Amino acid sequence: PLTPSLWAATAAPAPDTAPLDSDAQADVVIVGAGYCGLSTALHLAERGVRVVVLEAREVGFGGSGRNGGQVIPGLKHDPSELIAMFGAEKGQRLVDFAGSTADAVFDLIDKHRMDVPHVRRGWIQGSHTTDALKLAERRARDWGAQGVATQLLDRAETARLLGTDKYFGGWVDPRGGGVQPLSYARGLARAAIAAGVVIHTASPVTQLAQAGGKWHVTTKQGAKVLAERVVLATNGYTDDLWPQLRKSIINANSFQVATEPLAEPVRRSILPEGHVTSDARNLLLYYRIDHTGRLIMGGRGSFREPDPSQPGNWSHLENVVGKLFPQAAGVPIAYRWCGHVAITRDYMPHLHEPAPGLLIDIGCQGRGVGLQTRMGQAL
């Protein structure tokens with residue numbers, strides 16, 4: 001059973017799609033209709049490439065429709081770390097790529113006039129310890145050296161902008177923002193279809209095989225697509241379609257709750273300038289106000305799929321709401337849900353080419369909205 005999410009309840013309608021019911025041909029087959037798969041499909045189609053997308057469930061069913069909707073640029077590693085890891089030239093290329101991920105999302109929403117509620121007032125990373133405060137100083141300095149108008153926050157300013165006094169300080173990245181994540185996935189799908197992409201939902205892929213110089217991509221129903229190339233973009237919902245791939249990630253559950261719409265005085269006291277935020281804990285908390293005035297609180301939970309009939313699975317987040325924001329204590333929780341996040345051991349996105357003509361993209365690290373949109377452009 002699936003937990004009903006706020007996003008599913010408030011998203012723009014899904015585009016019309018149907019299962020694959022007969023054999024087809026394409027230049028490229030993409031497995032997975034999440035951000036990466038849809039972005040890859042859209043940008044290939046705009047170059048005249050014939051693309052078929054095969055999705056096991058529905059557009060944005062996985063992490064793309066269940067995340068917190070925060071659009072955060074960069075990677076877990078900061079610019080100076082990336083340059084130290086990869087050298088001046090390659091490191092800077094990676095820094096530029098990572099720095100452009102949020103732009104990719106908001107530019108596409110504007111370009112295709114997507115029906116996606118969104119805000120771009122910046123992302124705040126709060127520091128819950130003095131060590132985390134040093135991290136914030138380094139990050140603000142690092143991205144500032146890259147030309148980003150970062151801002152370091154003291155304790156009082158952090159409390160004002162977040163609406164809670166539980167942090168020592170923090171920093172602001174003005175490039176960040178928030179979207180209705182399922183509406184955004186559906187917006188990408190609509191743009192891709194308009195560009196000529198064929199999307200088949202309810203079409204789980206069960207086999208990838210090469211024969212006669214082509215990839216044969218077979219679905220559970222028995223229908224197949226023949227193509228020159230395949231892109232596998234299943235991330236946190238990766239199964240055993242490609243051997244060993246599932247073992248290359250930690251498949252974490254990201255739990256979320258959303259309150260009923262807040263009363264206006266409370267609404268004005270929490271994130272009053274429209275920022276989105278996540279803190280620097282390893283098992284981080286992330287929260288924002290959505291376009292309907294609800295407080296959304298997210299964080300880690302158990303690795304097993306939670307039972308929607310057991311709201312206690314989300315009690316740790318409901319308790320956090322009252323602790324961080326006493327002014328919101330007692331506001332009823334309207335939605336509880338979770339989604340899988342693909343985390344790699346080195347916290348880097350991974351691109352694999354295990355066979356000629358097969359590309360695999362995997363690893364979101366909790367920044368998938370921007371990262372996977374941009375990765376689709378790169379692919």
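This one's a predicted model, so the numbers in the text were calculated from it and none came from an experiment. No hydrogens, no waters, no symmetry mates; every other heavy atom, side chains included, goes into these values.
No more than 12 heavy atoms of other residues, nucleotides or ligands lie within 6.0 Å of CG in D16, so this atom counts as exposed by the packing criterion. No more than 12 heavy-atom neighbours from other residues, nucleotides or ligands sit within 6.0 angstrom of CZ on R121. For CD of E353, the number of neighbouring non-hydrogen atoms (other residues, nucleotides, ligands) closer than 6.0 Å is greater than 12. The number of heavy-atom neighbours closer than 6.0 Å to CZ of R229, taken from other residues, nucleotides and ligands shown, is 12 or below. Within 6.0 Å of the NZ atom in K76, the count of heavy atoms belonging to other residues, nucleotides or ligands exceeds 12.
H77 places no side-chain N or O within donor-acceptor distance of the main-chain N or O of L75, the cut-off being under 3.5 Å. No side-chain donor-acceptor contact under 3.5 Å links D78 to the backbone of R139. Judged by distance alone, with hydrogens and angles left aside, the side-chain atoms of H316 form a donor-acceptor pair with the main-chain N or O of R300 at under 3.5 Å. Using modelled atom types, one side-chain atom of H200 and one backbone atom of A18 make a donor-acceptor pair closer than 3.5 Å. With Q365 contributing its side chain and T344 its backbone, the two residues share a donor-acceptor pair below 3.5 Å. Looking only at distances, a side-chain donor or acceptor of H216 sits under 3.5 Å from a matching main-chain atom of A211. Between the side chain of R186 and the backbone N or O of A12 there is at least one donor-acceptor pair closer than 3.5 Å. Under a 3.5 Å cut-off, the side chain of S203 and the backbone N or O of L20 do form a donor-acceptor pair. When atom types are taken as modelled, the side chain of Q70 and the backbone of T277 share a donor-acceptor pair closer than 3.5 angstrom. Distance alone, capped at 3.5 Å, places no donor-acceptor pair between the S39 side chain and the C36 backbone.
Heavy-atom minimum distance, P73 versus T101: CA-OG1, 3.3 Å. In this structure, L324 and Y287 approach most closely via the heavy-atom pair CD1-CE2, 3.7 Å. F106 and R175 get closest at one heavy-atom pair: CE1-O, 4.2 Å.
Ring geometry for Y237 against F61 counts as perpendicular: the plane angle is over 60°, on a 0 to 90° scale with 30° as the lower cut. Ring planes of W7 and W337: perpendicular class, angle over 60° (limits at 30 and 60°).
Of the N and O atoms on the side chains of T292 and D290, at least one donor lies less than 3.5 Å from an acceptor on the other residue. In this structure, a donor-acceptor pair under 3.5 Å is present between the side chains of S269 and Q327. Between the side chains of T201 and R57, no donor-acceptor pair is found at a separation under 3.5 Å. Checking D142 against Q146 by side-chain atom types alone, no donor-acceptor pair falls below 3.5 Å. Defined by atom type and a distance below 3.5 Å, a donor-acceptor pair is present between the side-chain atoms of T10 and Q180. A side-chain N or O of Y184 and one of T373 form a donor-acceptor pair less than 3.5 Å apart. No hydrogens or angles considered: nothing links the side chains of H350 and D361 as a donor-acceptor pair under 3.5 Å.
Clustering of Ile, Leu, Val, Met, Phe, Trp and Tyr by side-chain heavy atoms under 4.5 Å joins F168 with L133. The hydrophobic cluster of L226 has no other members, since no ILVMFWY side-chain heavy atom comes under 4.5 Å of it.
Put simply, L38 and V230 are part of two different groups of oily side chains (I, L, V, M, F, W, Y) that touch within less than 4.5 Å, one to the next.
Taking the side chain as every heavy atom from C-beta outward, R294 and E260 approach each other to under 4.5 Å. Contact of the L188 side chain with the M114 side chain is registered, since non-hydrogen atoms from C-beta on lie closer than 4.5 Å. The shortest distance between side-chain heavy atoms of W242 and L358 falls below 4.5 Å. When side chains are defined from C-beta on, V51 does not count as touching V198, because their heavy atoms never get closer than 4.5 Å.
Comment: D107 does not engage R374 in a salt bridge, judged by the lack of any side-chain N to carboxylate O separation of less than 4.0 angstrom. A salt bridge is defined here as a Lys NZ or Arg NE, NH1 or NH2 lying under 4.0 Å from an Asp or Glu carboxylate O, and E264 with R268 meets this definition. R120 has no carboxylate O lying under 4.0 Å from a charged side-chain N of E273, or vice versa, which leaves the two without a salt bridge.
Just one of Y167, W171, Y286 meets the side-chain hydrogen bond (donor to acceptor under 3.5 Å, both in side chains) condition when paired with Q125; it is W171. The only member of Q310, E318, Q256 that meets side-chain hydrogen bond (donor to acceptor under 3.5 Å, both in side chains) when paired with R336 is E318.
For the pair R138 and W143, the NZ or CZ position fails the cation-pi test of under 6.0 Å to the six-membered ring centre and within 45 degrees of the ring normal. A cation-pi arrangement is present between R367 and W123 under the rule of less than 6.0 angstrom and at most 45 degrees off the ring axis.
With rounding to the nearest 0.5 angstrom, the OG atom of S278 is 10.0 Å from the CD1 atom of I124.
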